[in-house]
Amino acid sequence: MEAANQTEASQFLLLGLYEDPDLQPILFGVFLSMYLVTVLGNLLIILASISDPRLHTPMYFFLSNLSLVDICFTTTTIPRMLVSIQTQSQAISYAGCLTQVYFFIVFVGLDNFLLTVMAYDRYVAICHPLHYMVIMNPRVCGYLLLACWQVIIWVALWHILLVARLTFCVGTEIPHFFCELAQVLKVACSDILINNVCLLLSAIVLIIVPLGGILYSYSKIILSLMCVSSRKGKSKAFSTCGSHLSVVSLFYGTTLGVCLSSAATNMSEKSFVASVMYTVVTPMLNPFIYSLRNREVKGALGRLLSRAVTCQ
């Protein structure tokens, strides 16, 4: 009977954006604009980091990877949502939903890990400046990035295998605008105790541990700066951390909002706003935060755009 149910549930219905048909054209334009800004902004950060030799440092290596992940992160959800709005179709296939869940976990986890690695990079740069290039050499940076990818790929695969064993009733409705793991588990027709336990464990691995690493790094940075007597030295150190702290605050603030809203039984207006902030607004704002608060990035972007204009 379980196998039959799972076979019958060949698709799900996403209900997150279909309550008011009159808003569909406005939503389509808003989300399309935000997606294009996100892709363009993060792509400019990547191109600036690659093209400018002054940005060939560990900090900007990880920043360019964060921008790439943010592009992939939004691409996991927004294009599919735009197609659904345009076609007025709420349906998403079973395989398509699981694929979306998998890549969403991958890129959210990579965001967490990269922000943690970037905090560690700032810790080494400020607390051990004389050994910075020795500690954060290209090989170490490559290993750190590879470790992030390996951990999150296996965590995401673990969740997908657990979801694949569940059964779903015919006409299952997901009260969200994309297939988010917690919402998918809520509509399952079989026992999800093991899934919930694993979801809690992965939350510790993907959220608590990275956040703890960020807090530890910045506690060491603050203690180190307390020993610096020069106001100019403190200002320079804080300026290098300001952009990263802004992104961390935005990312974990919206993450907390999503976690609290996911605890609710139904998808409320507040939880919808939290999810939009988390999946769309945060990746869109990251390039602006780094470009507006960082002179090196602004300079690199200016030189990149001037070369583009010259070539035309």
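Atoms considered below: every heavy atom in the structure, side chains included; atoms not considered: hydrogens, waters and symmetry mates.
Counting only distance, with no hydrogens or angles, the side chain of Q100 and the backbone of T76 share a donor-acceptor pair below 3.5 Å. At least one donor-acceptor pair under 3.5 Å links the side chain of S219 to the backbone N or O of Y216.
Using a 4.5 Å heavy-atom threshold, the side chains of F28 and Q86 count as touching. The shortest side-chain heavy-atom distance between L110 and L66 does not fall under the 4.5 Å cut-off. Residues F104 and L181 fail the side-chain proximity criterion, which asks for heavy atoms closer than 4.5 Å. Looking at heavy atoms from C-beta onward, S246 lies out of side-chain contact with F288 at the 4.5 angstrom threshold. Contact of the T279 side chain with the F177 side chain is registered, since non-hydrogen atoms from C-beta on lie closer than 4.5 Å.
Listed by first then second residue, pairs satisfying ring pair (Phe, Tyr, Trp, His ring centres under 6.0 Å) with a partner in residues 184-203 number zero, not counting sequence neighbours. Under the salt bridge (charged side-chain N to carboxylate O under 4.0 Å, His left out) criterion, the residue pairs touching residues 49-71 are D52-R54, D52-R303, with sequence neighbours excluded. Judged as a disulfide (SG to SG under 2.5 Å), the pairs with a partner in residues 39-109 (not counting sequence neighbours) are, in order, C97-C179. Here salt bridge (charged side-chain N to carboxylate O under 4.0 Å, His left out) pairs that include residues 194-222, with residues two or more places apart or in two chains, number zero. Within the structure, side chain to side chain donor-acceptor pair (under 3.5 Å) contacts touching residues 118-127 (residues at least two apart or in different chains) are D121-Y132, Y123-H128.
For the atom pair CD1 of I214 and OG1 of T116, the computed distance is 4.0 Å after rounding to the nearest 0.5 Å. In this structure, CZ on F31 lies 9.0 Å from OG1 on T77, to the nearest 0.5 angstrom. A distance of 7.5 Å separates OG1 of T282 from CZ of F73, quoted to the nearest 0.5 Å. With rounding to the nearest 0.5 Å, the separation of OG in S93 from CZ in F12 is 9.0 Å. Expressed to the nearest 0.5 Å, how far CD1 of I221 lies from SG of C241 amounts to 4.5 Å. Going from atom CG of L27 over to atom CE of M81 covers 8.0 Å, rounded to the nearest 0.5 Å.
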Going by atom type alone, with no hydrogens or angles, which donor-acceptor pairs under 3.5 Å involve a side-chain atom of residues 135-144 and a protein atom two or more places apart or on another chain?
unit_1, atom_1, unit_2, atom_2, d
N137, OD1, R139, N, 3.0
N137, OD1, V140, N, 3.0
N137, ND2, V134, O, 2.9

Could you tabulate the donor-acceptor pairs under 3.5 Å formed by side-chain atoms of residues 200-207, not counting sequence neighbours?
unit_1, atom_1, unit_2, atom_2, d
S202, OG, H159, NE2, 2.9
S202, OG, C198, O, 3.2
S202, OG, L199, O, 2.9

Show which side-chain atoms of residues 32-50 pair as donor or acceptor with protein atoms under 3.5 Å away, not counting sequence neighbours.
unit_1, atom_1, unit_2, atom_2, d
S33, OG, G29, O, 2.8
Y35, OH, T75, OG1, 2.9
T38, OG1, M34, O, 2.7
N42, OD1, S67, OG, 3.4
N42, ND2, T38, O, 2.8
N42, ND2, P283, O, 3.2
S49, OG, I45, O, 2.9

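In this structure, V197 is not a member of the same hydrophobic cluster as L157, with clusters built from ILVMFWY side-chain heavy atoms closer than 4.5 Å. Tracing side-chain contacts under 4.5 Å through hydrophobic residues (I, L, V, M, F, W, Y), one never reaches W154 starting from I194; they form parts of separate clusters. F113 and W158 end up in different hydrophobic clusters when Ile, Leu, Val, Met, Phe, Trp and Tyr side chains are linked at under 4.5 Å. Residues L162 and V108 do not share a hydrophobic cluster, defined by chaining ILVMFWY side chains whose heavy atoms lie under 4.5 Å apart. Linking Ile, Leu, Val, Met, Phe, Trp and Tyr whenever their side-chain heavy atoms come within less than 4.5 Å puts V155 and L161 in one cluster.
The shortest heavy-atom contact between Y94 and V163 is OH-O, 4.1 Å. Contact detail for N65 and F61: the closest heavy-atom pair is ND2-O, 2.8 Å. Here the closest heavy-atom approach between residue S224 and residue C127 is recorded as CB-SG, 3.6 Å.
The hydrophobic cluster containing L146, built from Ile/Leu/Val/Met/Phe/Trp/Tyr side-chain heavy atoms closer than 4.5 Å, comprises no other residue.
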**OP:** Could you walk me through whether N112 and I152 pass the side-chain contact (heavy atoms from CB on, under 4.5 Å) test, one step at a time?
**Re:** CA-CA 10 Å; N112 277 280; I152 194 58; over 6 Å; no
Subject >> I78/F178 under side-chain contact (heavy atoms from CB on, under 4.5 Å): CA gap, chis, key distance, verdict >> reply: CA-CA 9 Å; I78 303 305; F178 70 96; over 6 Å; no
**OP:** Tell me, with the steps shown, if I153 and Q150 meet side-chain contact (heavy atoms from CB on, under 4.5 Å).
**Re:** CA-CA 5 Å; I153 283 174; Q150 286 184 331; over 6 Å; no
**OP:** Using the side-chain contact (heavy atoms from CB on, under 4.5 Å) rule, take L55 and L63 through it: C-alpha gap first, then chi angles, then the decisive distance, then the call.
**Re:** CA-CA 10 Å; L55 300 187; L63 175 59; over 6 Å; no
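Scored by the ring pair (Phe, Tyr, Trp, His ring centres under 6.0 Å) test, Y102 finds no partners at all (sequence neighbours excluded). Partners of Y218 according to the ring pair (Phe, Tyr, Trp, His ring centres under 6.0 Å) rule, which considers only residues two or more places apart in sequence or in another chain, are H244. Residues meeting the ring pair (Phe, Tyr, Trp, His ring centres under 6.0 Å) test with H56, sequence neighbours left out: none.
The environment of F103 atom CZ is sparse: at most 12 non-hydrogen atoms of other residues, nucleotides or ligands sit within 6.0 angstrom.
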